[in-house]
Amino acid sequence: MCKKTVIEAKIIQNQEIAQGVYRMVLSAPEIAAGASCGQFVNLYPKAKHTLLPRPISICEIGEDTLTLVYGVVGEGTREFAGYNAGETIRVSSAIGTGFKPQKTKTAVLVGGGIGVPPLVELAKQMSGEKIAVIGFRDEPFLKEELEKAGAKVYIATDSGKTGFKGNVIELIQEQGISGDYFYSCGPKVMLKALAAYCESINTPVQVSLEERMGCGYGACVGCVCKIKENTETGYEHKKVCKDGPVFLGSEVVWDE
Amino acid sequence: MSNHQGTEKKLDLSVNIAGVTLNNPITTASGTFSAYESGAFYNLNELGAMITKGVANIPWDGNPTPRIAETYGGMLNAVGLQNPGIDYFIAHELPYLRQFDTKIIVNVAGRSIEDYCEVAEKLNGTAADMLEVNISCPNVKKGGIGFGTHSEMAAKVTKEVRRVSKKPIIIKLTPNVTDITEIAKAVEAEGADAVSLINTLLGMKIDVHRKKPVLANKMGGFSGPAIKPVAVRMVYQVRRAVNIPIIGLGGIMTGEDVAEFIMAGADAVSVGTAAFVNPTAPADIKNELIEYMQKYNFKSLKEIREAFTE
C-alpha cells in the first residue's frame with residue numbers, strides 16, 4: 001500500500017562539474033527502478049534547522065543508481081556539496097509527472113543553467129533525431145552527457161565565453177534550428193519566451209516548471225502554478241510537485 | 001500493531017474527544033496532510049484522526065506563489081486555504097477518507113459566519129466524525145483570523161456553527177492574540193466541544209539579496225519546531241482556563257514532544273510541519289510515544305498528564 005518511501009542512500013560520487021554545480025551519484029536501486037525522466041527526488045539536509053527537503057531533478061537513471069546534478073543555491077545545497085563518497089543521504093522516491101517523450105522525427109531539447117540536467121535522461125529515452133540547445137551564464141556543463149545520449153549540442157552563454165553569445169532562443173533562431181517537438185527546463189523567463197516562440201511556429205513544447213516547495217510530495221499545496229482550465233478564472237492552481245513539474249507550454253498561464 | 005500485552009496491563013493510547021474515541025492521540029495538522037499523498041508513505045490506520053485541509057463553501061484559489069519559505073528551525077506558509085469547495089470535497093474526497101480505520105476531522109474555513117455554517121450544515125449526515133473550525137488562518141484577508149482574534153466574534157462563529165452542526169466542533173485558535181485564554185473561554189461558553197491550538201504565528205522573511213519579502217503574500221504562518229515553546233505555554237494556559245478537551249499542536253517533531261504537550265494539558269495532538277521533514281512523521285512519532293511510555297511505565301495518556309508536577 002505504501003508506494004513511496006524515503007531511504008538512506010549511499011553516495012557513490014559527489015563532484016563539482018562546473019562552478020557551484022555538483023554531480024551526485026547515489027546507490028538507490030529501488031528508487032531508480034521507479035523513476036522516469038523529468039521527475040525529481042527530495043534530498044533531506046541533515047542539519048536540524050533546515051527542515052524542508054530540497055527537490056532535485058533526476059539527471060540520469062541507472063540500473064542501481066540515480067545521478068543528480070544540482071546547483072549550490074542556499075544552505076541545504078551547500079550542505080550537500082560537502083558530502084563525500086561513502087557517506088549517506090536521505091532521498092525520497094521519484095516524484096512528479098515528468099516528460100512524456102513523443103515519437104517524433106526531430107526533438108529539440110532546450111535547457112537553461114541548472115535546468116539542463118533532466119534533459120540528459122530525456123535524451124536517453126528518445127530514439128529519433130535530437131538537438132540540445134543549452135544556455136548558461138558563463139560555464140557550460142553536461143555537454144558530453146547529452147552528446148553521449150545522441151544529441152547534437154548547441155551552446156549559448158550570456159558572457160559569450162563559450163559558444164554563442166546570447167540566449168537559447170536567439171541561438172535557435174540564428175542557427176535555424178527546428179524540430180517537430182520541443183522539451184524544456186530552465187528559468188521561468190526562458191520557458192515563457194520559448195513557449196511563445198513554439199506557439200508562433202505552431203510546435204508543441206513540454207516545459208518543466210520550478211516553484212518553492214514545502215513538503216515536496218503533494219500534501220501542502222505550496223508549489224502551485226496556473227494551468228488553463230475551464231473555470232471562472234480561466235485557470236486552476238495545480239501542484240508543480242505532483243501534477244507537474246512538466247506541463248505543456250500551451251496550458252501554462254504565463255503571467256509572472 | 002502495538003499489542004504490548006503479557007503479564008502487564010495493556011498500553012492504552014486511546015483518547016476521547018467530545019464523545020469520539022481516537023485510537024491514539026496523533027492527528028494530522030490541517031494543511032499539512034493529504035490522505036492520498038501522505039498515505040503513499042505510511043499506513044493511515046496508524047493515525048488517531050485525519051484532520052483535512054481547510055474546506056470552504058466554495059472553491060478558493062489560494063495565494064500567489066512563492067507560498068513557502070524556510071526559516072531557522074521553522075517555516076512560513078501563505079497557501080491561503082486553496083481548496084476545491086465543500087461540494088467537491090463531499091463528492092470526491094470524503095469517500096476516499098472513509099476507507100481508513102481512523103477518525104475524520106474536517107477543517108472548516110470561511111470568510112463569513114454564513115460560509116462556516118453552510119459548510120457545517122453540508123457535513124451533517126456525512127462520514128465526518130468532527131469539525132475543526134478554522135478561525136485562525138493568518139493567510140486570508142477576509143474571515144479566518146479576523147474571527148479568531150476577538151472574543152465576541154469567536155463566540156459568535158462558535159454559537160452559529162454549534163447551532164447548525166450535528167457533529168462535535170473543535171475551534172482552532174490563533175496564537176496571534178494578547179490573551180488566548182479569553183478566546184478559549186469565549187468559545188467554550190458558546191458550546192465549543194474542544195479547542196485546538198496553536199495555529200501558526202504570523203511571521204515574515206525578507207530576502208536581503210533581492211531586497212524583497214520572500215512570500216508573495218509578504219507575511220505568512222510560522223510553524224515548525226521553532227514555535228514549540230509558545231505552543232506548549234499556550235496549551236498550559238488554556239488547560240487552566242477551560243474544561244473542554246484540547247488538541248495541542250505547534251512544532252511537534254518527536255514522541256517526547258507529544259508527552260510534553262500532554263503534560264501541558266493536551267488531550268490529543270496534531271503533527272504538521274514534521275511531516276514535511278519526514279513524510280512518515282505522524283506514524284513514527286506515535287511509535288516514539290509508545291517507547292517513551294514504556295520507558296517510564298505509563299499505561300495511558302492520563303498517567304503521563306498526572307505525572308507532571310509543577
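Reminder, nothing fancy here: chain letters follow the sequence lines and each chain counts from 1.
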## Note on the structure
When rounded to the nearest 0.5 Å, the distance separating OH of B:Y42 from OG1 of A:T5 is 14.0 Å

### Query
Tell me, side chain or backbone of A:Y217 under 4.5 Å from chain B's heavy atoms, or both, or neither?
both

### Task
Check the surroundings of atom NZ in A:K46: do more than 12 heavy atoms from other residues, nucleotides or ligands lie under 6.0 Å from it?
yes

### Query
Among A:E232, A:E236, A:R90, which has the most heavy-atom pairs under 4.5 Å with chain B?
A:R90

### Inter-residue atom distance A:K239.NZ - B:Q82.CD, 0.5 Å rounding
8.5 Å

### side chain to side chain contact (heavy atoms under 4.5 Å, CB included) partners for B:A274, two or more places apart
B:M253, B:V271, B:A281, B:I285

### Query
How about A:V6 and B:F41: do any of their side-chain heavy atoms sit closer than 4.5 Å?
yes

### Query
Checking heavy atoms, do the side chain of A:T50, its backbone, both or neither come under 4.5 Å from chain B?
both

### Query
In terms of heavy-atom contacts, does CD of A:E63 have more than 12 from other residues, nucleotides or ligands at under 6.0 Å?
no

### Message
For the residue pair A:K4 and B:Y36, would you count it as a cation-pi contact if the rule is NZ or CZ under 6.0 angstrom from the ring centre and within 45 degrees of the ring axis?
### Response
no

### Summary
When rounded to the nearest 0.5 Å, the distance separating SG of A:C220 from CD1 of B:I68 is 4.5 Å

## Note on the structure
Heavy-atom nearest pair, B:P66 first then A:R212, reads CB-CD, 3.9 Å

### Message
Counting only heavy atoms from other residues, nucleotides and ligands, does the tally under 6.0 Å from CD of B:E256 exceed 12?
### Response
no

#### Entry: Contact origin within B:F33 toward chain A - heavy atom pairs under 4.5 Å
backbone

### Crowding at CD, A:E199 (>12 non-hydrogen neighbours, <6.0 Å)
no

#### Entry: chain A contact via B:T32 - side chain, backbone, both or neither, heavy atoms under 4.5 Å
backbone

### Task
Answer with yes or no whether the side chains of B:N278 and A:Y44 bring together a donor and an acceptor at under 3.5 Å.
no

### Message
Please identify, among B:A35, B:S34, B:G224, B:G73, the residue contributing the most non-hydrogen atom pairs under 4.5 Å to chain A.
### Response
B:G73

#### Entry: B:T273, part contacting chain A, at a heavy-atom distance under 4.5 Å
side chain

### A:E139 atom CD, neighbour heavy-atom count above 12 within 6.0 Å
yes

## Note on the structure
To the nearest 0.5 Å, atom CG of A:L52 lies from atom CD of B:E70 at 4.5 Å

### Query
Does any N or O in the side chain of A:H237 come within less than 3.5 Å of the main-chain N or O of B:D61, such that one atom is a donor and the other an acceptor?
yes

### Query
Has B:K205 got more than 12 heavy atoms of other residues, nucleotides or ligands less than 6.0 Å from its NZ?
yes

### Task
Return yes if some donor-acceptor pair links the side-chain N/O of B:R67 with the main-chain N/O of A:V221 below 3.5 Å, else return no.
yes

### Task
Assess whether atom CD of A:E210 is packed by more than 12 heavy atoms of other residues, nucleotides or ligands within 6.0 Å.
no

